[in-house]
Every structure is written in structure tokens, then in C-alpha cells.
Undergrad: 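Have a look at this one.
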Amino acid sequence: MKITRLVILFNYKKILFGAVISLFLFILSFQIGSAILIILMRGLGALIIINIIASLAASYILYDKSGLYELNDLDGIIDWSKTENAVLIHASFDPLSQRLEEKYPHLNLTVCDIYGNRHEHESGIEVSKKMFPPNPKEIRISPDQLPFENESQDVILAVTALHEILDHGKRVLFFKEAKRILKKGGLIIVSEQFRDTTNFIFFNIGAFHFLSRKQWMDSISPSGLKIIKNQKITPFADMLVIRKDYQ
């Protein structure tokens, strides 16, 4: 429940606003004489509450119940015993680097926080950093200028982070930079929620926080990198496995 609690913390204003609107509609329905309006108001109020509950349940399934931050879905994709250098990219929220370092002590892992992401100034960020302390070796990066040498990295991991690169041009440059720093045959693992029907049903307008499948394709394709796998992690999130050609 750790991450779901953070979701509530980051979105408590929206949750509270929805609950107040629902209560207002329910109270107002007692002042209306029209049976149709009463049904509409109470129905709308109920839908708002159902949507809040559904979005929190979906968050629990995605962030706490699934293996999103366990990287279990990478078995057979990445041979960690042969991986020397890896980059982990996050957006002011890092529940993963400590687990990776404990599980693969030989790994030369560089942890990068995307500079200028939307979470930096949110009120709940200090609480999240207490729950998941920043890696002491963490560096801050601009996504369009990755501070690594050419063909120096085996793997780039970005779990629910790259949608925080808000500018399309910078996303394109990120993947071009990723190609530059990856060794031949190197992989990028991108795990994200897409702006799709399922996320609209459960997260309503919150789905606009994410990118559509087409936006991801348009960001990746100019780099010449290849998407070799698109796997559903849960009904709410996909994992893209992207590879740099061996040639």
C-alpha cells in the first residue's frame, strides 16, 4: 500500500474536490422536485465516488500489487549477470534503485532524476522521499543531454518516468541520446501507462497525464531504435522493450 498512499497524497485535492461535489449533488437532489433531475444528480454523484474508488483500486493493482517495481517481467529479456553498466531514470520518485543494487551488487548503476519534472514542487514530494530516500549517488539530468560517453551503457530503465518529459521535441532528443550512449544491442525498458480506453475508464481526465501509443511511437521512431516487445504489465500499463541495432 506504500505507493497507493503516495498516490492519495499527491491527488488528495482532486479526491476531496470530487467527494465535495458528490455530496453537494446528493444534498441538492433533496431540494429538487423533478424526479428526473433527482435521478441525474444522485447518479452523477454516485459515478464520481465510484470513479474515485476505481482509480485508487487501479493504482493499488498497478503500483503495489503488480511487479512493476520488481522488474520480474524482465526475466529472459535482460541477463543481469552479463550487464555491467545501467542507467535508472526516475522523476523525483525512486522506489527501485535500492532493490536493484541489493539484488545485483556487481551492477554499475547510475540513478538519474529528470530535472524540471512536475513532481518536483508538489507538496507530497518530501513524504515520498522519506518513504523512498533518494539514492546518495543520484544525479539530476536534462533528458535531452545525457551525461554519458558514447556506447557506454548496457541498459536504460525508465519506470513511469518518461511521460514527465512534457515537450515532444525533448522526448525525441532523449531517445536519440539514449541511442548514442547505448552499446550495440543495448536495451531501453520503458514502463508506462498509456492514454487509452482502460485508463480513461479508471482514471477519467487523469488519463491525459499520460501519452498515447502514437505519441510514444512518434517520440521513439526518429532515433532509429527498434521496439522489439510491447508487453502488458497490468491492464493499466505497458512495458516497451527498445533495442539499439547491433550494426
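Every heavy atom of this structure was used, including side-chain atoms; hydrogens, water molecules and symmetry mates were not.
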Undergrad: Considering non-hydrogen atoms only, spot the tightest contact between A91 and E164 and give its length.
TA: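 Shortest heavy-atom contact: CB-CG, 3.6 Å.
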
Undergrad: What's the shortest heavy-atom distance between V87 and C112, and which atoms?
TA: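 Of all heavy-atom pairs spanning V87 and C112, the closest is CG1-SG, 3.8 Å.
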
Undergrad: Rounded at 0.5 Å granularity, tell me how far CG in L88 sits from CG in L157.
TA: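 L88 CG to L157 CG: 6.0 Å, rounded to 0.5 Å.
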
Undergrad: For L107 and A86, work out which heavy atoms get closest and say how close.
TA: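 Here L107 and A86 meet closest at CD1-CB, 4.0 Å.
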
Undergrad: Find out if a path of hydrophobic residues (ILVMFWY) with successive side-chain heavy-atom gaps under 4.5 Å connects F17 to I8.
TA: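 F17 clusters together with I8.
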
Undergrad: Which heavy atom in A58 sits nearest to a heavy atom in F203, and how many Å separate them?
TA: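 That would be CB-CZ, 3.7 Å.
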
Undergrad: Between N135 and S97, is a side-chain hydrogen bond (donor to acceptor under 3.5 Å, both in side chains) present by the stated rule, with each step listed?
TA: CA-CA 7 Å; N135 193 294; S97 67; 3.2 Å; yes

Undergrad: I need the R195 CZ to R213 CZ distance, nearest 0.5 Å.
TA: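 Between atom CZ of R195 and atom CZ of R213 there are 13.5 Å.
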
Undergrad: Indicate yes or no for a side-chain donor-acceptor contact from D144 to the backbone of F174 under 3.5 Å, with no hydrogens or angles considered.
TA: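 Checking the backbone N and O of F174 against the side chain of D144, no donor-acceptor pair under 3.5 Å is found.
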
Undergrad: Would you check if D154 and L187 make a side-chain contact, meaning some heavy-atom pair closer than 4.5 Å?
TA: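 Result no, sub-4.5 Å side-chain heavy-atom pair not found.
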
Undergrad: Under the ring-ring contact (aromatic ring centres under 6.0 Å, His included) definition, can you give me all pairs with a residue in residues 36-55, not counting sequence neighbours?
TA: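 Qualifying pairs: none.
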
Undergrad: Given side chains that start at C-beta, do those of I61 and S66 come closer than 4.5 Å, heavy atoms only?
TA: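 When only atoms from C-beta onward are counted, S66 and I61 do not touch, as no gap falls below 4.5 Å.
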
Undergrad: Backbone N or O of P95 within a donor-acceptor pair of the H90 side chain at under 3.5 Å?
TA: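 Checking the backbone N and O of P95 against the side chain of H90, no donor-acceptor pair under 3.5 Å is found.
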
Undergrad: Are L173 and L225 connected into the same hydrophobic cluster when the rule is that any two of I, L, V, M, F, W, Y join if their side-chain heavy atoms are below 4.5 Å apart?
TA: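 Each belongs to a different hydrophobic cluster.
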
Undergrad: Over 60° means perpendicular and under 30° means parallel, so classify the ring planes of W80 and Y104, tilted if in between.
TA: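 The rings of Y104 and W80 lie parallel, inter-plane angle below 30°.
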
Undergrad: For the backbone of L146 and the side chain of R180, can you confirm whether one donor and one acceptor N or O come within less than 3.5 Å of each other?
TA: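 Yes; at least one donor-acceptor contact below 3.5 Å.
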
Undergrad: So, do V7 and Y60 sit near enough that their side-chain heavy atoms are less than 4.5 Å apart?
TA: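 The answer is no; the side chains never approach within 4.5 Å.
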
Undergrad: Can you check whether V159 reaches L96 side chain to side chain, under 4.5 Å on heavy atoms?
TA: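 In contact.
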
Undergrad: Between the side chain of E102 and the main-chain N/O of R99, is any donor-acceptor distance below 3.5 Å?
TA: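 The answer is no, because no donor-acceptor pair under 3.5 Å joins these two groups.
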
Undergrad: Kindly indicate whether the side chain of S219, heavy atoms from C-beta on, has any atom under 4.5 Å from the side chain of F175.
TA: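 Result yes, sub-4.5 Å side-chain heavy-atom pair found.
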
Undergrad: How far does CD1 of I181 sit from CD of Q153, to the nearest 0.5 angstrom?
TA: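 The CD1 atom of I181 sits 5.5 Å away from the CD atom of Q153.
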
Undergrad: For R171 and L162, work out which heavy atoms get closest and say how close.
TA: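 Of all heavy-atom pairs spanning R171 and L162, the closest is CD-O, 4.2 Å.
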
Undergrad: Apply the side-chain contact (heavy atoms from CB on, under 4.5 Å) test between M239 and each candidate in L68, I77, L71; give the one that qualifies.
TA: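 With M239 as partner, L68, I77, L71 yield a single side-chain contact (heavy atoms from CB on, under 4.5 Å), made by I77.
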
Undergrad: Report yes if the distance between the aromatic ring centroids of F200 and F208 is under 6.0 Å, otherwise no.
TA: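 Between F200 and F208, the centre distance is under 6.0 Å.
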
Undergrad: Where the side chain of N51 meets the backbone of L47, is there a donor-acceptor pair that is under 3.5 Å apart?
TA: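 Looks like no, no N/O pair under 3.5 Å.
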
Undergrad: Here's a test for you: under salt bridge (charged side-chain N to carboxylate O under 4.0 Å, His left out), which of K179, K183, K184 qualifies with E151?
TA: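 Only one of K179, K183, K184 forms a salt bridge (charged side-chain N to carboxylate O under 4.0 Å, His left out) with E151, namely K184.
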
Undergrad: Are the side chain of S22 and the backbone of A19 linked by a donor-acceptor contact shorter than 3.5 Å?
TA: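 It does not hold such a pair.
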
Undergrad: Are Q193 and H209 close enough that a side-chain donor and a side-chain acceptor fall under 3.5 Å?
TA: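 Checked: Q193/H209 side chains show no N/O donor-acceptor pair below 3.5 Å.
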
Undergrad: Does the pair L28 and M41 meet the rule for a side chain to side chain contact (heavy atoms under 4.5 Å, CB included), with working shown?
TA: CA-CA 8 Å; L28 188 61; M41 287 182 176; 3.6 Å; yes

Undergrad: Roughly how far, to the nearest 0.5 Å, is the OG1 atom of T110 from the CG atom of N85?
TA: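 The distance works out to 7.0 Å.
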
Undergrad: Which residues satisfy the salt bridge (charged side-chain N to carboxylate O under 4.0 Å, His left out) test with E192, sequence neighbours excluded?
TA: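 Scan of E192 (salt bridge (charged side-chain N to carboxylate O under 4.0 Å, His left out), adjacent residues dropped) gives none.
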
Undergrad: Could you please spell out the steps behind the salt bridge (charged side-chain N to carboxylate O under 4.0 Å, His left out) verdict for K137 and E101?
TA: CA-CA 12 Å; K137 297 180 289 186; E101 289 176 330; 3.3 Å; yes

Undergrad: Identify the residue among N204, I53, L25 that makes a side-chain contact (heavy atoms from CB on, under 4.5 Å) with I48.
TA: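 The single option meeting the side-chain contact (heavy atoms from CB on, under 4.5 Å) with I48 is L25.
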
Undergrad: Counting distance only, does the side-chain N/O of S29 pair as donor-acceptor with the main-chain N or O of I38 below 3.5 Å?
TA: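 The answer is no, because no donor-acceptor pair under 3.5 Å joins these two groups.
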
Undergrad: Supply the atom-to-atom distance I220 CD1 to L240 CG, rounded to the nearest 0.5 angstrom.
TA: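 It comes to 5.5 Å.
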
Undergrad: State plainly whether one hydrophobic cluster holds both I39 and L44, where clusters connect Ile, Leu, Val, Met, Phe, Trp and Tyr through side-chain heavy atoms under 4.5 angstrom apart.
TA: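 Different hydrophobic clusters.
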
Undergrad: Think R42 forms a cation-pi with F26, using NZ or CZ under 6.0 Å from the six-ring centre and within 45 degrees of its axis?
TA: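 Positive - R42 is close enough to the ring of F26 and near enough to its axis.
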
Undergrad: Are the side chains of D245 and K226 in touch, meaning some heavy atoms are under 4.5 Å apart?
TA: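 A side-chain contact under 4.5 Å exists here.
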
Undergrad: Should Y69 and T160 count as side-chain neighbours, where that means a heavy-atom distance under 4.5 Å?
TA: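 When only atoms from C-beta onward are counted, T160 and Y69 do touch, with a gap below 4.5 Å.
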
Undergrad: List the atom of I156, the atom of A178, and the distance in Å for their closest heavy-atom pair.
TA: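 Heavy-atom minimum between the residues: CD1-CB, 3.7 Å.
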
Undergrad: Between atom OG of S55 and atom NZ of K14, what is the distance when rounded to the nearest 0.5 Å?
TA: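 Nearest 0.5 Å value for the OG-NZ distance: 10.0 Å.
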
Undergrad: So do the side chains of D73 and I233 get within less than 4.5 Å of each other, counting heavy atoms only?
TA: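 Result yes, sub-4.5 Å side-chain heavy-atom pair found.
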
Undergrad: Applying ring-ring contact (aromatic ring centres under 6.0 Å, His included) as the test, list every pair that has at least one member in residues 126-152; sequence neighbours left out.
TA: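 Counting only pairs at least two positions apart or across chains, the ring-ring contact (aromatic ring centres under 6.0 Å, His included) contacts touching residues 126-152 are F93-F132.
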
Undergrad: Are any side-chain N or O atoms of S212 and backbone N or O atoms of Q215, one a donor and one an acceptor, separated by less than 3.5 Å?
TA: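 Checking the backbone N and O of Q215 against the side chain of S212, a donor-acceptor pair under 3.5 Å is found.
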
Undergrad: Could you tell me whether K65 atom NZ has more than 12 heavy atoms of other residues or ligands within 6.0 Å of it?
TA: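 No, because the 6.0 Å sphere around NZ of K65 holds 12 heavy atoms or fewer from other groups.
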
Undergrad: Determine whether a donor-acceptor pair (N or O, by modelled atom type, separation under 3.5 Å) exists between the side chain of N199 and the backbone of F194.
TA: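 Pair found, side chain donor or acceptor close to backbone of F194.
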
Undergrad: Are I21 and I52 linked, directly or through intermediate hydrophobic residues, by side-chain heavy-atom contacts shorter than 4.5 Å (ILVMFWY only)?
TA: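 Linked within one cluster.
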
